[in-house]
Structures are given as C-alpha cells and as structure tokens.
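The shown structure was predicted, so the numbers you read here are calculated from the model rather than taken from an experiment.
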Amino acid sequence: MTPVSAIDQITVEWSMSETGIIWLRYHAVGNVGQVRLPDDLDQSRRMDDLWQNTCFELFLGEPATERYSEFNFSPSGNWAAYSFDHYRDGMDPLALAQPPEIYMDFSDTHMALEVTFGLPDIRVGEEFDAGLSAVIEIQNGEKSLWALAHPAANPDFHHRDGFTLKMEAAGR
C-alpha cells in the first residue's frame with residue numbers, strides 16, 4: 001500500500017470455475033465518504049484509463065511465459081480488459097464473451113465491488129499467477145495504490161513479481 005488513503009484495509013475473495021468464470025469481491029473498509037467515486041454509478045461499458053480513478057484490478061499471468069492480462073473494474077460499472085505479450089508491451093484489448101457483471105455495495109464505513117466475468121476460451125482451464133490491486137482516489141485527488149506486493153521501489157501493478165497469488169480453477 002502507498003500512503004494517503006481513507007481506506008484502512010482491502011480484502012479480496014475470489015473463485016474461478018473450470019469453465020473460466022471468475023468471481024471477485026473486493027471489500028474496502030475505512031472512511032468511504034472521503035473516497036472519490038464516479039458521478040454516474042449506473043454504467044456498464046468498456047472504457048480505457050479507469051486506473052486513473054478509484055478502480056479495482058486483477059492481473060493474470062500465464063505461468064512459464066511473459067504473457068499476462070489486466071482487468072479493471074470501476075465502481076461506476078465500467079470495465080476494461082487487456083492482454084500483454086511482455087512487461088507493459090504488446091498491449092491489446094482483450095475480447096470477453098460478455099461484459100463483466102459488476103455490483104457495488106456502500107455504507108459510511110465500507111464499499112464492496114463484486115464482479116463476475118468469463119475468460120476468453122483460449123484462457124479457460126489454465127492456472128494463473130495473479131496480482132490483485134486497487135487504486136483508491138480521495139476527494140482531493142490524491143491516490144493510494146494497493147496490491148498483494150509492491151516488489152519494485154515504486155508501486156507497479158504490472159511487475160510480474162507482484163503476481164503472488166496462484167489462481168486455479170475449483171476442483172484442481
């Protein structure tokens with residue numbers, strides 16, 4: 001985590017089915033009233049640059065390769081998915097069979113983003129090296145960057161050493 005945040009803790013629950021359906025639930029606890037959220041919380045479309053505001057992310061690295069995918073989920077319901085050939089190189093939009101289903105739950109002390117989406121057929125059945133992360137923007141524009149690990153001197157969600165979770169399909 002980097003400092004300057006209204007959020008004290010973020011936890012993530014997850015599951016992945018053998019058919020490539022991923023479910024994630026990010027739960028942030030703290031002074032949610034200080035978090036800058038999108039004005040329109042009823043959108044659901046693909047959109048670039050979500051990471052510049054409050055956003056929850058998943059990185060999936062293919063074991064024994066440099067290829068990985070990035071998924072961004074905004075409290076607005078907007079989302080993005082990209083594939084990379086190498087570290088920050090060869091970025092292309094990643095086609096999903098259907099848009100992610102994103103749900104939000106808020107109170108004064110917590111916010112939870114729950115998302116369900118299916119991986120493209122070419123990725124189904126694999127195990128992944130995963131990185132879970134979040135960008136939390138507060139009302140004055142300052143951001144804190146959360147991740148399972150920050151292996152470099154500066155936070156870098158794309159750094160492969162930050163993909164510290166082994167994500168396997170249920171039943172493996």
Side-chain angles (χ1 to χ4, degrees), residues 10-28 35 37-106 110-137 145-149 156-172:
I10 298 176
T11 57
V12 183
E13 296 175 75
W14 66 271
S15 68
M16 183 171 71
S17 74
E18 290 181 358
T19 59
I21 303 298
I22 294 179
W23 169 82
L24 298 162
R25 184 175 189 273
Y26 296 82
H27 185 246
V35 176
L37 297 171
D39 293 330
D40 186 354
L41 296 178
D42 261 340
Q43 300 179 33
S44 182
R45 65 177 189 240
R46 185 179 204 120
M47 180 180 281
D48 293 329
D49 299 324
L50 294 175
W51 55 269
Q52 294 191 35
N53 304 104
T54 298
C55 172
F56 298 91
E57 301 183 346
L58 169 66
F59 289 81
L60 294 178
E62 298 175 32
T65 75
E66 294 184 36
R67 291 187 306 269
Y68 66 98
S69 302
E70 174 186 359
F71 302 89
N72 306 145
F73 309 107
S74 169
S76 68
N78 291 329
W79 60 277
Y82 308 99
S83 65
F84 292 84
D85 295 329
H86 307 281
Y87 173 77
R88 294 188 179 269
D89 186 46
M91 181 175 129
D92 284 312
L94 182 61
L96 300 180
Q98 63 185 32
E101 295 177 22
I102 300 173
Y103 302 97
M104 287 297 301
D105 175 35
F106 295 96
H110 90 277
M111 67 176 169
L113 181 141
E114 187 171 322
V115 60
T116 304
F117 68 100
L119 293 173
D121 288 343
I122 59 170
R123 301 263 196 309
V124 172
E126 296 182 25
E127 68 175 23
F128 298 98
D129 300 324
L132 297 164
S133 54
V135 175
I136 303 296
E137 183 179 20
L145 307 175
W146 295 70
L148 291 173
D156 181 354
F157 297 158
H158 291 256
H159 195 292
R160 192 60 179 255
D161 290 345
F163 299 9
T164 60
L165 174 68
K166 290 291 184 195
M167 187 177 274
E168 296 179 332
R172 284 194 161 192

How about W23 and E114: does a side-chain donor come under 3.5 Å of a side-chain acceptor?
yes
Hey, does L119 have a side-chain heavy atom less than 4.5 Å from the side chain of F71?
yes
With the threshold set at 4.0 Å, does a side-chain nitrogen-carboxylate oxygen contact exist between K166 and D129?
yes
Whether Y103 side chain and T116 backbone form a donor-acceptor pair below 3.5 Å:
no
Are E168 and F128 close enough that some pair of their side-chain heavy atoms sits under 4.5 Å apart?
no
Can you list the residues that meet the side chain to side chain contact (heavy atoms under 4.5 Å, CB included) rule with D89, with sequence neighbours excluded?
H86
Residue among V35, N53, L37 satisfying side-chain contact (heavy atoms from CB on, under 4.5 Å) with E137:
N53
For residues F59 and F163, establish whether the separation of their ring centroids is below 6.0 Å.
yes
How close do S74 and I102 get, heavy atom to heavy atom, and via which atoms?
O-CG2, 4.0 Å
When the ring planes of F84 and H158 are compared, do they come out parallel, tilted or perpendicular, using 30° and 60° as the limits?
perpendicular
The reported gap from CG in L96 to CZ in F117 (rounded to nearest 0.5 angstrom) is 7.0 Å
Value rounded to 0.5 Å, distance of CZ in F157 from CH2 in W51
10.5 Å
With side chain to side chain contact (heavy atoms under 4.5 Å, CB included) as the criterion, how do W146 and V12 come out once you've worked through the C-alpha distance, each side chain's angles and the decisive distance to 0.1 Å?
CA-CA 12 Å; W146 295 70; V12 183; over 6 Å; no
Backbone of M47 reached by a side-chain donor or acceptor of N78 within 3.5 Å:
no
Would you say the side-chain atoms of R46 pair up with the backbone N or O of A81, donor to acceptor, closer than 3.5 Å?
yes
Measure across P75 and T54 and return the closest heavy-atom pair with its distance rounded to 0.1 Å.
CD-O, 3.3 Å
In short, R160 meets R67 closest at the heavy-atom pair NH1-O, 3.5 Å
Shortest non-hydrogen contact between I21 and G118, atoms and distance
CD1-CA, 3.8 Å
From CG (L145) to CD1 (I136), nearest 0.5 Å:
9.5 Å
Closest contact, heavy atoms only, P99 versus W79:
CB-NE1, 3.8 Å
Would you please indicate yes or no on a ring centroid separation below 6.0 angstrom for Y68 and Y87?
no
Within a radius of less than 6.0 Å around CD of Q98, do more than 12 heavy atoms belonging to other residues, nucleotides or ligands occur?
no
Smallest separation among heavy atoms of E70 and N72, with atom names
OE2-ND2, 3.0 Å
Who passes side chain to side chain contact (heavy atoms under 4.5 Å, CB included) against A130, sequence neighbours left out?
L58, L60, L165, M167
Does Y82 reach the side chain of D48, with side-chain heavy atoms less than 4.5 Å apart?
yes
How far does NE2 of H159 sit from CZ of R88, to the nearest 0.5 angstrom?
10.5 Å
Atom pair SG/OH of C55 and Y26 - distance to nearest 0.5 Å:
8.5 Å
Could you grab the distance from atom CZ of F73 to atom CG of L113, nearest 0.5 Å is fine?
8.0 Å
Pair H27, D105: side-chain N/O donor-acceptor within cut-off below 3.5 Å:
no
